[in-house]
2 protein chains.
Amino acid sequence: MRDPLSRTFAALADPTRRALLARLSEGEANVSDLAEPFLQDMSLPAVTKHLKVLENAGLITKGRKAQWRPCQLNGEPLREAVDWMEQHRIAWEEQLDRLGAYLKSKNKGTRHGSKK
Amino acid sequence: MRDPLSRTFAALADPTRRALLARLSEGEANVSDLAEPFLQDMSLPAVTKHLKVLENAGLITKGRKAQWRPCQLNGEPLREAVDWMEQHRIAWEEQLDRLGAYLKSKNKGTRHGSKK
DNA sequence: ATGGTTTTCAACCGAAGAGTTAATTAACTA
DNA sequence: TAGTTAATTAACTCTTCGGTTGAAAACCAT
């Protein structure tokens, strides 16, 4: 079994699941509501499985109202994933900045980039 | 073949690959440098494959210097992925805000939550 | 040319993913 | 009780993933 961050990213690595999340970011919805746009492409059990993946990743929670399962988005895992990415993306940008500063300082003493 | 966003998330859904990226966010490194911490857990070709996945996702670029392949992080796909996530995470938080506002307004007229 | 490094390629294997259909569960409704 | 709707489970197929080992490629140094 995988660590939470891996499960989050794996869950996001599928366009159908991202579309489900996008739909849920507009508000709660039942399984059949969520499935409706996909039923020409895949079966209902396929959607159920996708929702299970999202649930296992903690990205959604499923309630119960009679025979319906109202699903809600849960943003917390998203925040953690964003945090991980930002941390390294920012480090990457700092590298670029240092490179830029280096190239600048290299041309400082020696006028317009004359060699040596 | 998959869309770029899916490839990015899929590439991030593995702890080895995230560790490789973390290492690269501190600066450029060769394949064998990158592989070194993992060689007790897996073979060198396994690391090569992971790097290939990262490269195909556009998260790293590989240069060549003699027989070495200096790898660099590329943060752009990270930014796109973060954008996608933030967009929906924020929508989710606005839901919470609306819910909070609703609960607040519900208790406005009727003193301390008396029921009807 | 020979030999040593660094890295990749090829072929294979088992496990996990994403889909199917058919059957089942769980709740409501007449 | 019988029927309907919503959703899940089971069993199966096919593909992709993550790893292996062994060989090959590419480059440098003697």
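As the structure is a computational prediction, the values presented were derived from the model and not from experiment. Order of the sequence lines sets the chain letters (A, B, ...), proteins ahead of strands, with each chain counted from 1.
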Where along residues 60-73 of chain B does a heavy atom come under 4.0 Å from DNA chain C, residue by residue in number order?
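Output list: B:Lys62, B:Gln67, B:Trp68, B:Arg69.
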Contacting residues from residues 9-41 of chain B, given that a heavy atom lies under 4.0 angstrom of DNA chain C
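Per residue number, the list reads B:Asn30, B:Val31, B:Ser32.
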Could you give the distance from CZ (A:Arg7) to CG (A:Leu59), rounded to the nearest 0.5 Å?
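Separation between the atoms: 10.5 Å.
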Span of DNA chain D in contact with chain B (heavy atoms, under 4.0 Å)
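On DNA chain D, the outermost contacted nucleotides are D:dC17 to D:dC28.
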Please give me the minimum heavy-atom distance between A:Arg17 and A:Ala11, naming the atom from each residue.
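A:Arg17 and A:Ala11 have their closest heavy atoms at NE-O, 2.7 Å.
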How would you list, by chain and number, every residue that makes a salt bridge (charged side-chain N to carboxylate O under 4.0 Å, His left out) with A:Glu93, sequence neighbours excluded?
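For A:Glu93, the residues satisfying salt bridge (charged side-chain N to carboxylate O under 4.0 Å, His left out) (neighbours in sequence not counted) are A:Arg89.
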A:Arg18: what forms a salt bridge (charged side-chain N to carboxylate O under 4.0 Å, His left out) with it, not counting sequence neighbours?
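Once residues adjacent in sequence are excluded, the partners of A:Arg18 under the salt bridge (charged side-chain N to carboxylate O under 4.0 Å, His left out) criterion are B:Asp3.
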Nucleic acid contacts - residues 42-59 of chain B versus DNA chain D, non-hydrogen atoms under 4.0 Å
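Heavy-atom cutoff 4.0 Å gives B:Met42, B:Ser43, B:Pro45, B:Ala46, B:Lys49, B:His50.
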Decide yes or no on side-chain contact (heavy atoms from CB on, under 4.5 Å) for B:Cys71 and B:Leu34, but give the supporting numbers first.
CA-CA 9 Å; B:Cys71 302; B:Leu34 290 167; 4.0 Å; yes
Kindly write out the residues that satisfy side chain to side chain contact (heavy atoms under 4.5 Å, CB included) with B:Arg69, not counting sequence neighbours, or none if the list is empty.
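Per chain and number, B:Arg69 pairs via side chain to side chain contact (heavy atoms under 4.5 Å, CB included) with B:Val31, B:Lys62, B:Arg64.
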Please tabulate, for the side chains in residues 39-48 of chain B, all donor-acceptor contacts under 3.5 angstrom to protein atoms that are two or more places apart in sequence or on a different chain.
residue : atom : partner : partner atom : Å
B:Ser43 : OG   : B:Ala46 : N            : 3.4
B:Thr48 : OG1  : B:Leu44 : O            : 3.4

Listed by chain and number, what are the ring pair (Phe, Tyr, Trp, His ring centres under 6.0 Å) partners of A:His50, not counting sequence neighbours?
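If we apply the ring pair (Phe, Tyr, Trp, His ring centres under 6.0 Å) test to A:His50, skipping adjacent residues, there are no hits.
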Applying side-chain hydrogen bond (donor to acceptor under 3.5 Å, both in side chains), name anything that partners A:Asp83, two or more places apart in sequence or on another chain.
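Per chain and number, A:Asp83 pairs via side-chain hydrogen bond (donor to acceptor under 3.5 Å, both in side chains) with A:Arg79.
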For B:Glu94, which residues count as a side-chain hydrogen bond (donor to acceptor under 3.5 Å, both in side chains) partner, sequence neighbours excluded?
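Partners of B:Glu94 under the side-chain hydrogen bond (donor to acceptor under 3.5 Å, both in side chains) test: none.
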Give me each pair satisfying ring pair (Phe, Tyr, Trp, His ring centres under 6.0 Å) with a member in residues 66-90 of chain A, each pair once, sequence neighbours excluded.
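Qualifying pairs, neighbours excluded: A:Trp84-A:His88.
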Evaluate the criterion side-chain contact (heavy atoms from CB on, under 4.5 Å) for residue pair A:Leu51 and A:Ile60; output intermediate values, then yes/no.
CA-CA 8 Å; A:Leu51 290 172; A:Ile60 68 170; 3.9 Å; yes
